[in-house]
Number of protein chains: 2
Amino acid sequence: MSRKTPKPSAPPPAASPAAGAPRHRGRSPRATGSVTLTDVARLAGVSPITVSRVVNRPGLVSPDTAAHVQDVIERTGYVPNLLAGGLASKRSRLVAALVPSITNGIFVEAVQAFTDRLWDAGYQVLLGLSGYPATREDALVAAVLSRRPDALYLTGINHSAATRKLLLNARIPVVETWDMTPTPIDMLVGFSHEAVGQAVARHLLARGHRAFGLVWADDARALARQRGFMREVSGAPAVRVDVATVPAPSTLTLGRQGLATLLARGTPTAVFCSSDLLAHGALEEARARGIAVPSALALMGFGDLEFAQHTHPALSTVHVDRASIGRRAAELVLARIDGIAQGPSVIDVGFIIVDRGTT
Amino acid sequence: MSRKTPKPSAPPPAASPAAGAPRHRGRSPRATGSVTLTDVARLAGVSPITVSRVVNRPGLVSPDTAAHVQDVIERTGYVPNLLAGGLASKRSRLVAALVPSITNGIFVEAVQAFTDRLWDAGYQVLLGLSGYPATREDALVAAVLSRRPDALYLTGINHSAATRKLLLNARIPVVETWDMTPTPIDMLVGFSHEAVGQAVARHLLARGHRAFGLVWADDARALARQRGFMREVSGAPAVRVDVATVPAPSTLTLGRQGLATLLARGTPTAVFCSSDLLAHGALEEARARGIAVPSALALMGFGDLEFAQHTHPALSTVHVDRASIGRRAAELVLARIDGIAQGPSVIDVGFIIVDRGTT
DNA sequence: CGCAGCTATGGTAGCGATACCAGAGGCGAG
DNA sequence: CTCGCCTCTGGTATCGCTACCATAGCTGCG
């Protein structure tokens, strides 16, 4: 207990939150007005490093000292400066997550799960919105890396050469999500969109459908599902497929328009939509036109959003455990940061076809 | 723009003798392996401060020098370190936004608009998820402030004394949102939830309803709407109100259950739900029971989410310009950071009652 | 011709924290 | 009584960047 009473030159006691007190010479040329670790140390009569330990690794400090320092911290309202801490330690305790959009519900659950898990481990998540065509991804990755995150979460696996180079240079754990590839940048948690397309095609073919319509958004993952679907149906005889492409992001209204387009050009017996939102729109359009679902027209979506089980009839779709993607991505990242896991990791979370009332 | 194809063999920090070279003595005790501003300066034959200017304030540097430095930056793959920059300049170019949840669609559009606007102004947004009962808000505010954000966006106006103290000590612009009060911490963009409740009450009273049911989530803003509703109907004669409370966050399923609860206890002619999601659930429940909407039962929601105009009948609700809240919050924050605006600002964005098919 | 008043650039001194290693006690063992 | 080891604490040297001020050329004006 080598604790000393504050030195005579100590700044005014706890009355004022110790703001703007001169520190070095007669005047402080760049006073900030906020309490620093050094201020706390002086008031507590210990060295700065001890205060740092109380905050970050309490186990290394004796209970008495810790309690006293903690008391001073609370009295002064000291808030550590992680910019300085991160600079000195090279650990920002920040993890960046890049998502196309948060207004589209499909990705947010994964991000929320990812964030929750990392928060519990002492990390904060910096969210970057890359926009739908991922136009901003390069700039966003650069901007985000300038904060020196300890790891990066990416949505999707399609990244420009410039982005990949930035990521490799950064030498931090990177987890890609929502897709599947044998050659991830680093780690990967997702599922095969082609397999989804194939599975849905098999499902609909087995029900006897041959005249297909697709209402399809033009983003990369949706197109992968389309490829899988196309490949599978192309093996069957007498199959016709018409595609109504709509711009991402999907909306219910675009779904209505998409079905309208298909019906203007032909009479599909089964329509597969690239998302539940589009399928919901198509369902509305069918209802508005008096088309019986599923007897005259079968409908399938993708995503299994909450509303899917509450439409009339309830929407058949493809279920993906979205929260699990975020959770497992977080686990991978943490294992890598802690140095437990080395080398690439790929996790396929799979998917389930949910057969409800529209097929 | 880019004069050279970024060859993979270009001086990556690893093997390059220049980039990661020892700096001070014979060996660099804490070499990081990443390119620093000083490295770029040495390679370009200019001083560090000039490189800093090229990156941050290109106007101050002659075009020739700028081009040359820019070239070196691209060749080396230099990524500025904003931890260091923020520490030195006391501007983190980070703005924190605290939201209860992003899986609940109601808040995300405002956040997205806020983020987009600030991105254009050179800021990044750090998203903090406070959880629904705001249990984590104190810890979250402290954690977020340790990154020294230049401003803070809060959802709601109910904050603990500890939180308020932290915010005041931080001395940064704070904008609260989604609510209205004469005494904001700093700035405020929102609308009066009590006024919403009153307006809906007047609307339903005018249609002759006297037997009301509420399916209500137990969060603070929802309760403010309830107070407004109660106050207004209490002025009318022969009115009965029954409330089925459900835990936040709202879901469609909870809406179904909520209406079931009300119907087990009485026969309301009009049910007002604290959110569109709950109202959608109530609508489903009514359909399942064969109750005619709106003739036997009128329904209203709140929020005007996209699906509201596509239910059957289309959902009457209260519309709020959510994106506008985020956009205007961003404008306030930027004006304050730039020192243009001083003193408190309060913006009431209002709301609109949307009368569709369920009333 | 001399002196402002630019513009373009550089030197110095931190910002607030942590890494690294050293040192001071305390305590049981030889 | 001395040694070795463990626990707790402190001193020093950075981390990578920018604020602040100084300086060197140059232009234009009286």
**Message:** Could you work out, with side chain to side chain contact (heavy atoms under 4.5 Å, CB included) as the rule, every residue matching T163(B), not counting sequence neighbours?
**Reply:** E137(B), D138(B), V141(B), H159(B), S160(B), L167(B)
Side-chain N,O ([X]) to OP1/OP2 ([N]) below 4.0 Å:
{"X": "S47(A)", "N": "dG10(D)", "value": "yes"}
{"X": "N81(A)", "N": "dC15(C)", "value": "no"}
{"X": "K90(A)", "N": "dA17(C)", "value": "no"}
{"X": "S52(B)", "N": "dT18(D)", "value": "yes"}
{"X": "S89(A)", "N": "dC15(D)", "value": "no"}
{"X": "T50(A)", "N": "dG10(D)", "value": "yes"}
{"X": "T65(A)", "N": "dT9(D)", "value": "yes"}

**Request:** Check whether the side chain of R148(B) and the base of dG16(C) form a donor-acceptor pair under 3.5 Å.
**Result:** no
**Item:** Minimum-distance nucleotide (side-chain atoms of L37(A) versus dG10(C), dT9(D), dA17(C))
**Value:**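 Minimum distance to the L37(A) side chain belongs to dA17(C).
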**Prompt:** Once you round to the nearest 0.5 Å, how far does CG of L168(A) lie from NZ of K165(A)?
**Reply:**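 NZ of K165(A) is found 10.0 Å from CG of L168(A).
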**Exercise: identify the closest heavy-atom pair between R148(A) and P80(B)** = NH1-O, 3.2 Å
**Prompt:** What is the minimum heavy-atom distance between D39(B) and S34(B), and which atoms define it?
**Reply:**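 Residues D39(B) and S34(B), closest heavy atoms: OD2-O, 3.9 Å.
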**Item:** Sidechain N-carboxylate O distance under 4.0 Å for D186(B), R336(B)
**Value:** yes
**Sidechain N-carboxylate O distance under 4.0 Å for D120(A), R117(A)** =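 A salt bridge is absent here (no side-chain N lies under 4.0 Å from a carboxylate O).
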**Asked** Is the backbone N or O of I185(B) less than 3.5 Å from a side-chain atom of E176(B), with the two atoms forming a donor-acceptor pair by type?
**Response**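 Side chain of E176(B) to backbone of I185(B): a pair is present.
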Provide, to the nearest angstrom, the distance between the [atom1] atom belonging to [X] and the [atom2] atom belonging to [N].
{"X": "R57(A)", "N": "dT18(C)", "atom1": "CZ", "atom2": "C1'", "answer": "9 Å"}
{"X": "R53(B)", "N": "dC17(D)", "atom1": "CZ", "atom2": "P", "answer": "15 Å"}
{"X": "H68(B)", "N": "dT9(C)", "atom1": "NE2", "atom2": "P", "answer": "12 Å"}
{"X": "L87(A)", "N": "dG16(C)", "atom1": "CG", "atom2": "P", "answer": "12 Å"}
{"X": "L145(B)", "N": "dG16(C)", "atom1": "CG", "atom2": "C1'", "answer": "16 Å"}
{"X": "L83(A)", "N": "dG16(D)", "atom1": "CG", "atom2": "C1'", "answer": "12 Å"}
{"X": "R93(A)", "N": "dC15(D)", "atom1": "CZ", "atom2": "P", "answer": "20 Å"}
{"X": "R91(A)", "N": "dC15(D)", "atom1": "CZ", "atom2": "C1'", "answer": "15 Å"}

**Asked** For the helix from dC1(C)-dG30(D) to dG30(C)-dC1(D), what is the angle between the axes at its two ends, each from 5 pairs, rounded to 10°?
**Response** 50°
**Message:** Within the 4.0 Å heavy-atom criterion, would you say P48(A) contacts the bases, only the backbone, or no part of the nucleic acid?
**Reply:**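 Here P48(A) touches no strand at all.
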**Complete:** Sorted by position of nearest nucleotide on DNA chain C, 5' first, the leading residue of A66(B) and V79(A) is A66(B)
**Asked** Are side-chain heavy atoms of L127(A) and L98(A) found at a separation under 4.5 Å?
**Response**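 The answer is no, as the side chains (C-beta and beyond) never meet within the 4.5 Å cut-off.
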**Message:** Using heavy-atom distances to pick each residue's nearest nucleotide on DNA chain D, tell me which of L60(A) and I49(B) is more 5'.
**Reply:** L60(A)
